Student: 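The structure under discussion is supplied below as structure tokens; questions concerning it will follow.
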Amino acid sequence: MSEPSLNRAQREAVTTVSGPLLVLAGAGTGKTRVITYRIAELIRTGITPSRILAVTFTNKAAREMRERALHLLGKRPRDVKPPEISTFHSLCVRILRRHAPLLGYPSEFSIYDRSDQETLARTALRDVRVGQETLRPGDLLSLIGKWKNLGHRPDRAEQIAEQDREQLAALAYARYQTSLKAAGAFDFDDLLLCTEELFSRFPEARFAESSRYDHVLVDEYQDTNDLQYRILGAIAGRHRNLCVVGDDDQSIYGWRGAEVAHILGFKRDWPEARIVRLEENYRSRAPILQHANQLIVHNGSRHEKTLRATRDGGAPPRFVRFEDENAEAETVVREIQQRLAGDDGGPRVPASDIAILFRTNEQPRAFELEMRRAKVPYVLIGGMSFYDRKEVRDVLAYMRVLANPSDEVSLLRIINTPLRGIGAGTIETLVGAAVEKGSPLWAVLPDAPAHPDLPHGVGERIVGFQRLIEGYRARLGTEPLAELMTDLLRVIDYKAELARVYREASEAQSRWETIEGLVSSAALYEQRAENPSLLGFLEETALTGREDDRTDDRRELHAVTLMTLHSAKGLEFPHVYMVGMEEGILPHARSVMEGRGVDEERRLCYVGVTRARETLMLSFTRQRMKWGKPRATIPSRFLMEMRGETEKAKRAAEAAAQLFSQIAAAGPGGAGDKRGDKKSGDKRATARKPKAAAGSARRGSRPQR
DNA sequence: CCCTGCGCTTTTTTT
DNA sequence: AAGCGCAGGG
């Protein structure tokens, strides 16, 4: 944003420095600018910088805000601590580190990410049955997530569970939570849930934490969920200097418990609040903004507002149809290539000015392929690819066990990696012994040699492993982390392990390089952090992904950005491509089926459109691969809505609803008329009993073909 | 205990 | 198209 000075509304938001303040800021109206200026203003009026807390939604946003704020504040004496700018989750981690023992957790607790959660969910579901229901780990996790975000503990979940399916989930939730606690670990939702619990059960902790700050600022307030809302209340309730900034039209995290009600009803809980509206858009060219406005009016229940464009001229968005996803990728990438080279008649465009936005994480595949072929530099944001790699998870599991040996998921991951002859049978016996004794797995390892059921020699190997870990544990803090890691990797000969698992030398080599990258990011962390520690490093990797890496930043400067619409929130690009604009993708099939979700999908589309400064292209395909087969698609209703073709949009919506319900009916459990799957049909009929029998009776009357 | 191969299921979004 | 769980052989 480079407009010379603050407009009237922005100035008001910046200079109203005491009491609650709600800034209703539309897309591209200078939200971030207002927050950073406000931080500077607070400091100018004499507030101690470190007593200001700004909360953002993503780490990227936090980092950018930190940089801008520091820039604005200019050079300050070394010993003046800067304002605290962090995400909700990092904030909660810091709070929990100070008070975890009150809740019965070690202060060296681990943080479990999605894939740790999946392992835990899998064991939690083992031999749990309610009626005929079964549950996949993913389903369980999404239910647990929903409950946690509503503040429900397992006992509460059991009370409110209605169908068998939910009963089962509640039961598994209880087991899941027990193992988490036994492992001394929090999952992402726990960080919020337990912080809230801490505040409600221990007033002294709440007092201590709320006394740290005089001012609290919150960005992207529309995506605050119930827990975050209560945590904010606890922290800001004393001084009531709470400034929240958000846009109800950009609320896209309802599925995670975000409540638009919080922003719509801010006045209720903070009656003395001032409200400031920012409605002048400095970002998008008028025709782009006009399409965005025309789209979002299709949503009911919103703060009525229309963004005014301050930048006239510019081309209207382009709507383009392709044959399939490959043609889409090919053409888009070719066009980008021309723009980069200036071959399209326009000026050369820097790669970082371009973004390709999509709804789901499988969409970028075709684009990545094409980008690599065309040698167009790109960065794929999110996708989790780095931390999902086996080798990274292995090494981090070692580090986590060093920090917290009770961390059972990590311990199980490494106890036989590299192979040291501690097999599945042995592990089962050990886990059994731990359960019987009621102690962590780690604590029973020394008893292994004396265990009657374990084959000879295994006990010694187990003790050897335990000594190995203890040896390195003792060295923690006495030498640089990166050195310790290198040494450990050498001693366990992890390089050989990689060579064993990945037969192809080049593959093994590139995996090893990933590990070297991890080690050097540990070294970087140690240089950067004030009080480096293993815990700090693990925390950063768990919460921030790899974006703290400076090299990544530099890469982004010269690369086209590929990311989901969700990750695009808060960002802007001169040139935006929104791809896969089809019913089933945007709006996603699942939200169409649930009926309620389409408004949120529309907001998601709105977010995408309003990222664009200069040009916008929206593309869709005639057919797209699904489960290996090409399937005809329906153009997204949003395309028609933003062009004012309301009737046509309605027809698209109806066609989509019909199509998806047909597909759902053909799926498992439904009145399947797929003659091909008689085998699984038979199995199912015997596995489940009464309910399915009724359904299959009808099918049975008109059998095979 | 470890490896390989087969067949089955899977498809939202994120800290 | 890809990942996971299970069975069977070394």
Side-chain angles (χ1 to χ4, degrees), chain A residues 55-62 86-93 111-115 117-119 122 134 136-139 141-142 145 148-149 186-192 220 223-225 227-228 251-258 357-363 365-366 381-384 387-388 390 416-427 455 457-458 461 500-501 503 539 542-545 547 563-569 580 584-594 597 600-601 603-605 607-608 624-629 631 660 663-664 667-668 677 679-680 683:
Chain A
V55 183
T56 61
F57 199 77
T58 64
N59 290 289
K60 196 182 167 90
S86 74
T87 62
F88 259 109
H89 286 80
S90 321
L91 173 69
C92 289
V93 169
I111 299 167
Y112 276 9
D113 67 12
R114 173 75 195 194
S115 102
Q117 288 180 272
E118 261 165 35
T119 352
R122 209 157 291 154
T134 55
R136 275 182 289 273
D139 299 335
L141 288 178
S142 75
K148 285 192 175 179
N149 280 312
F186 295 103
D187 65 21
F188 283 128
D189 295 325
D190 271 350
L191 294 174
L192 303 178
E220 309 286 11
D223 287 318
T224 311
N225 69 27
L227 290 171
Q228 293 166 323
S251 165
I252 53 175
Y253 283 92
W255 51 276
R256 220 181 62 180
L357 308 182
F358 39 83
R359 172 71 233 264
T360 70
N361 278 314
E362 56 146 20
Q363 283 173 267
R365 294 178 97 93
I381 307 285
M384 283 278 139
Y387 283 98
D388 273 347
K390 173 188 162 20
N416 200 29
T417 309
L419 298 178
R420 41 175 81 86
I422 307 176
T426 304
I427 288 168
V458 170
R461 280 175 256 161
R500 184 186 66 86
V501 177
R503 305 307 253 272
E539 205 168 289
L543 293 177
T544 76
E547 45 189 323
M563 65 181 153
T564 63
L565 290 162
H566 281 88
S567 342
K569 190 180 65 163
I585 297 185
L586 184 69
H588 195 274
R590 277 172 97 133
S591 34
V592 173
M593 295 303 283
E594 281 154 27
E600 181 155 310
E601 298 287 306
R603 290 192 290 268
L604 198 49
C605 184
V607 166
R624 187 174 287 269
M625 287 296 223
K626 183 106 182 182
W627 283 317
K629 284 202 193 77
R631 239 210 341 245
F660 298 147
I663 292 168
D677 77 348
K679 215 207 259 163
S680 61
K683 243 191 225 145

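As the structure is a prediction and not an experimental result, all values here were calculated from the model. Throughout, protein chains are lettered first and strands after them, A, B, ... in sequence-line order, and every chain is numbered starting at 1.
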Student: Please state how far atom CZ in A/Phe186 lies from atom P in B/dT15, giving the value in whole angstrom units.
Tutor: 20 Å
Student: Rounded to the nearest Å, what distance is computed from the CZ atom of residue A/Phe358 to the P atom of nucleotide B/dT13?
Tutor: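 So the CZ-P distance, A/Phe358 to B/dT13, works out to 10 Å.
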Student: Check every strand shown and say whether A/Arg122 touches a base, only sugar-phosphate, or nothing at a heavy-atom separation below 4.0 Å.
Tutor: sugar-phosphate
Student: OP1 or OP2 of B/dT14 sitting under 4.0 Å from any side-chain N/O of A/Thr564?
Tutor: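 Indeed, a polar side-chain atom of A/Thr564 lies that close.
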Student: Say you draw a straight line from CZ of A/Arg603 to CG of A/Leu565; how long is it, rounded to the nearest 0.5 Å?
Tutor: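 These two atoms lie 13.5 Å from each other.
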Student: Atom pairs, N/O to N/O, protein against nucleotides 1-5 of chain B, distance under 3.5 Å?
Tutor:
residue: B/dC1; atom: OP1; partner: A/Ala424; partner atom: N; Å: 3.2
residue: B/dC1; atom: OP1; partner: A/Gly425; partner atom: N; Å: 3.1
residue: B/dC1; atom: OP2; partner: A/Thr426; partner atom: OG1; Å: 3.0
residue: B/dC2; atom: OP2; partner: A/Asn416; partner atom: ND2; Å: 3.2
residue: B/dC3; atom: OP1; partner: A/Arg500; partner atom: NH1; Å: 2.4
residue: B/dC3; atom: OP2; partner: A/Arg500; partner atom: NH1; Å: 3.1
residue: B/dT4; atom: OP1; partner: A/Arg503; partner atom: NH1; Å: 3.2

Student: Taking any atom under 4.0 angstrom from a heavy atom of chain A, which nucleotides of DNA chain C are the first and last to qualify, 5' to 3'?
Tutor: C/dA2 to C/dG5
Student: Can you tell me how far the OG1 atom of A/Thr87 sits from the CG atom of A/Asn59, to the nearest 0.5 Å?
Tutor: 5.0 Å
Student: Which residues pass the salt bridge (Lys or Arg N to Asp or Glu O under 4.0 Å) test with A/Glu118, not counting sequence neighbours?
Tutor: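 A/Glu118 satisfies salt bridge (Lys or Arg N to Asp or Glu O under 4.0 Å) with A/Arg114 only.
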Student: In whole Å, what is the span from the CG atom of A/Leu543 to the P atom of B/dT15?
Tutor: 10 Å
Student: Tell me if a side-chain donor or acceptor on A/Glu600 pairs with a main-chain N or O of A/Gly597 at a distance below 3.5 Å.
Tutor: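 Answer holds: no.
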Student: Of all residues at least two apart in sequence or in a different chain, which pass the salt bridge (Lys or Arg N to Asp or Glu O under 4.0 Å) check with A/Arg122?
Tutor: none
Student: With a 4.0 Å cutoff (strictly under), does any side-chain N or O of A/Ser567 reach OP1 or OP2 of B/dT13?
Tutor: no
Student: Could you tell me how far apart A/Phe57 (CZ) and B/dT13 (P) are, to the nearest whole angstrom?
Tutor: 15 Å
Student: Taking only side-chain nitrogens and oxygens of A/Arg590, does any of them come within less than 4.0 Å of OP1 or OP2 of B/dT12?
Tutor: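 Checking A/Arg590 against B/dT12: at least one side-chain N or O falls below 4.0 Å of OP1 or OP2.
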Student: Are the ring of A/His566 and the base ring of B/dT13 both nearer than 5.5 Å at their centres and tilted by less than 30°?
Tutor: no
Student: Mind checking side chain to side chain donor-acceptor pair (under 3.5 Å) for A/Lys390 and listing every partner two or more places apart, or none if nothing turns up?
Tutor: A/Asp394
Student: Determine if A/Tyr253 stacks with B/dT13; use a centre-to-centre distance below 5.5 Å and an interplanar angle below 30° as the criteria.
Tutor: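 Taking the rule of under 5.5 Å and under 30°, the ring of A/Tyr253 does not stack on B/dT13.
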Student: Would you indicate what A/Arg624 reaches in the nucleic acid, counting non-hydrogen atoms under 4.0 angstrom: base, sugar-phosphate, or nothing?
Tutor: nothing
Student: Quick one: list whatever passes side chain to side chain donor-acceptor pair (under 3.5 Å) with A/Asn149, sequence neighbours left out.
Tutor: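 Applying side chain to side chain donor-acceptor pair (under 3.5 Å) to A/Asn149 gives A/Asn225.
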Student: Among all residues two or more places apart in sequence or in another chain, which pass the salt bridge (Lys or Arg N to Asp or Glu O under 4.0 Å) test with A/Asp189?
Tutor: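 Scan of A/Asp189 (salt bridge (Lys or Arg N to Asp or Glu O under 4.0 Å), adjacent residues dropped) gives none.
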Student: Can you list everything that forms a ring-ring contact (aromatic ring centres under 6.0 Å, His included) with A/Phe57? Sequence neighbours excluded, please.
Tutor: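 With neighbours one apart ignored, the set is A/Tyr253.
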Student: Round to a whole Å and report the spacing from CZ of A/Arg359 to C1' of B/dT12.
Tutor: 5 Å
Student: By salt bridge (Lys or Arg N to Asp or Glu O under 4.0 Å), which residues pair with A/Arg256, not counting sequence neighbours?
Tutor: none
Student: OP1 or OP2 of B/dT15 versus the side-chain N and O atoms of A/Asn59: is any pair under 4.0 Å?
Tutor: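 No, no such contact exists.
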Student: How long is the line joining CD of A/Glu600 and C1' of B/dT12, in whole Å?
Tutor: 11 Å
Student: Mind calculating the distance between CG (A/Asp189) and C1' (B/dT15) to the nearest angstrom?
Tutor: 8 Å
Student: Tell me: CG of A/Leu192 to P of B/dT14, nearest whole Å?
Tutor: 17 Å
